[in-house]
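Remarks on the structure that follows.
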Amino acid sequence: MSFRTSAGRVNAVNGLNLTVRRRERVGIVGESGSGKSVTVQALLGLLDENAVVTGKAEFDGLDLLRATPKQMREIRGKGIGYIFQDPLSALDPVRTIGEQVTEALRIRGVGSREASRRSIDMLGRVGLKEPARRMEDYPHELSGGMRQRVMIAMALVAEPQLVIADEPTTALDVRIQAKVLDLLWELAEERELAVIFVTHDLGVLAGFAEGVTVMYSGRVMEQCSVDDMFAHSVHPYTLGLLDSVPRITGPVPDRLITIGGRPPAPQERIAGCPFHPRCRFRIDECATVLPEATIVGTHVSACHRAGWLNERTGSLA
């Protein structure tokens, strides 16, 4: 994936390979600018005309990148639901909650009364009190947690097969985060949904997803189960992310551990591994040769030292 800019073509995502099966919850994690959100937005054609997306993205046999506008209208909401990162900007400020939640049903021919009934039921399911009354409210009349619940209701009301949650807990406090995650988990289990969960918060990921794809500078660094990532990562970037998470047990450190340096800007071209300028385990080869994704134990890792890290920390395979 790349974007046309005044400075020329800028690459945003390169060589992404991801599979999500029915009833599976997969997380995509990485720092800001790693390509997480643009990846999932591209699946539903939500990027502007300057985006150039190549490859294939199959959903139930249909290549989303080559689907017609009519096919995409059928997919959005009914096949794939999308929970946006910032509900205040994603919701239309001049339309009521009821108008926006029922829209996915109305455009598919569901009658007004039935669409309202199903929308009120879904708003109640996601934990909004007095859902019938909330149908008449406008987004600015709701709190951040309530708006996020409305976004979840909008994504689920048409009963999709796949839900994409794009950092849905970023703007919420910890207590509301936990409620939103519990709700999404319960609904996914009840409806046998597949979920792609985009986040930069490893703690959130640990309690929700089964598999994880770690991205950096538009590339996949590591893919494995969430349990394997926490117990036995074989990529320096993932290890750096894990080290930066504060611990609630053991001695309190003088300062938090961070990954030195900064992620490269999309227009920067770095030879070799894009993470090598910040990597504590780098060798000379890292600065000149882009590592290929290889299978190491139960992981897929794009690192020249993945085998060494595997032997150093012990294998779970």
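This structure is a prediction, so every number in the text was calculated from the model and none was measured. Atom set for the values below is all heavy atoms of this structure, side chains included, hydrogens, waters and symmetry mates excluded.
Taking each heavy atom of E222 and S233 in turn, the nearest pair found is OE1-OG, 2.8 Å. In terms of heavy atoms, S119 sits closest to L105 at OG-CD1, 4.1 Å. The two residues V195 and A188 have their closest heavy-atom pair at CG2-CB, 4.0 Å. Closest approach of Y216 and P263 over heavy atoms only: OH-CA, 3.4 Å. Nearest approach of I83 to P168, heavy atoms of both residues: CG2-CB, 3.9 Å. Taking each heavy atom of M151 and P87 in turn, the nearest pair found is CG-CB, 3.4 Å.
Residues M1 and L16 fail the side-chain proximity criterion, which asks for heavy atoms closer than 4.5 Å. Here the side chains of L156 and I152 are in contact, with some heavy-atom distance below 4.5 Å. Under the 4.5 Å side-chain criterion, counting only non-hydrogen atoms from C-beta, Q41 is in contact with D166. Under the 4.5 Å side-chain criterion, counting only non-hydrogen atoms from C-beta, M221 is in contact with P274. When side chains are defined from C-beta on, R106 counts as touching S112, because their heavy atoms get closer than 4.5 Å. A heavy-atom distance below 4.5 Å is not found between the side chains of M154 and F84. Between M229 and L202 there is a side-chain heavy-atom pair separated by less than 4.5 Å. V204 has its side chain within reach of F197: a pair of non-hydrogen atoms, C-beta onward, lies under 4.5 Å apart.
Considering OG1 of T68 and CG of L62, their distance stands at 8.0 Å, rounded to 0.5 Å. Residue I97 holds its CD1 atom at 10.5 Å from CD of E136, rounded to the nearest 0.5 Å. Here NZ of K56 is found 12.0 Å from CG of L64. Values are rounded to the nearest 0.5 Å. To the nearest 0.5 Å, atom CG of residue D60 and atom CD of residue Q161 are 4.5 Å apart. How far OG1 of T238 is from CD of Q223: 10.5 Å, rounded to the nearest 0.5 Å. Once rounded to the nearest 0.5 Å, the distance linking CG of L65 with CG of L43 reads 7.5 Å.
I75 and L46 fall within a single hydrophobic cluster, where Ile, Leu, Val, Met, Phe, Trp and Tyr are joined by side-chain heavy atoms under 4.5 Å apart, directly or via other members. When the side chains of ILVMFWY residues are joined at heavy-atom separations under 4.5 Å, either directly or via intervening members, V163 and L181 end up in a single hydrophobic cluster. Two different hydrophobic clusters hold V29 and V300 under the rule that ILVMFWY side chains link at heavy-atom gaps under 4.5 Å. Linking ILVMFWY residues whenever their side-chain heavy atoms come closer than 4.5 Å, directly or via other members, leaves L290 and V13 in distinct clusters. Linking ILVMFWY residues whenever their side-chain heavy atoms come closer than 4.5 Å, directly or via other members, leaves L205 and L239 in distinct clusters.
The environment of I295 atom CD1 is sparse: at most 12 non-hydrogen atoms of other residues, nucleotides or ligands sit within 6.0 angstrom. Other residues, nucleotides and ligands contribute only 12 or fewer heavy atoms inside 6.0 Å of the CD atom of E292. Atom CZ of R66 is surrounded by more than 12 heavy atoms from other residues, nucleotides or ligands within 6.0 Å. Counting non-hydrogen atoms of other residues, nucleotides and ligands closer than 6.0 Å to CZ of R280 gives a total above 12.
When atom types are taken as modelled, the side chain of R282 and the backbone of R278 share no donor-acceptor pair closer than 3.5 angstrom. Although no hydrogens or angles enter the test, the distance criterion places no donor-acceptor pair under 3.5 Å between the side chain of R134 and the main chain of M146. In terms of modelled atom types and a separation under 3.5 Å, the side chain of R76 and the main chain of L44 share a donor-acceptor contact. Checking side-chain atoms of R4 against main-chain N and O of E49 turns up a donor-acceptor pair under 3.5 Å. With E24 contributing its side chain and G211 its backbone, the two residues share no donor-acceptor pair below 3.5 Å. At distances below 3.5 Å, not a single donor-acceptor pair connects side-chain atoms of H299 with backbone N or O atoms of A306. A donor-acceptor contact shorter than 3.5 Å links the side chain of R149 to the backbone of V126. Between the side chain of Q100 and the backbone N or O of D92, at least one donor-acceptor pair lies under 3.5 Å.
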- Message: Run N11 and R269 through side-chain contact (heavy atoms from CB on, under 4.5 Å) and show every step you take.
- Response: CA-CA 9 Å; N11 289 326; R269 298 183 181 275; 4.3 Å; yes
- Item | Candidate pair L162 and I196, rule side-chain contact (heavy atoms from CB on, under 4.5 Å), full reasoning | CA-CA 8 Å; L162 168 68; I196 298 176; 4.0 Å; yes
- Message: For H235 and V214: C-alpha separation, side-chain torsions, deciding distance, then whether side-chain contact (heavy atoms from CB on, under 4.5 Å) applies.
- Response: CA-CA 9 Å; H235 197 286; V214 181; over 6 Å; no
- Item | Chi angles and distances behind the salt bridge (Lys or Arg N to Asp or Glu O under 4.0 Å) call for R147, D137 | CA-CA 11 Å; R147 286 193 293 264; D137 288 344; over 6 Å; no
- Given side-chain contact (heavy atoms from CB on, under 4.5 Å), test L309 with V296 step by step and report yes or no. CA-CA 10 Å; L309 286 169; V296 179; over 6 Å; no
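The pair E114-R117 counts as a salt bridge, with a side-chain nitrogen and a carboxylate oxygen less than 4.0 angstrom apart.
Aromatic ring orientation, H140 versus Y138: parallel (interplanar angle below 30°, classes split at 30° and 60°).
Applying the salt bridge (Lys or Arg N to Asp or Glu O under 4.0 Å) rule to pairs touching residues 34-48 yields K36-E167, sequence neighbours excluded.
For the pair R25 and F208, the distance from NZ or CZ to the six-membered ring centre is under 6.0 Å and the angle to the ring normal is within 45 degrees.
Side-chain N/O atoms of D227 and H232 include no donor and acceptor closer than 3.5 Å.
Partner of V26 under the side-chain contact (heavy atoms from CB on, under 4.5 Å) criterion, out of V212, V226, L18: L18 alone.
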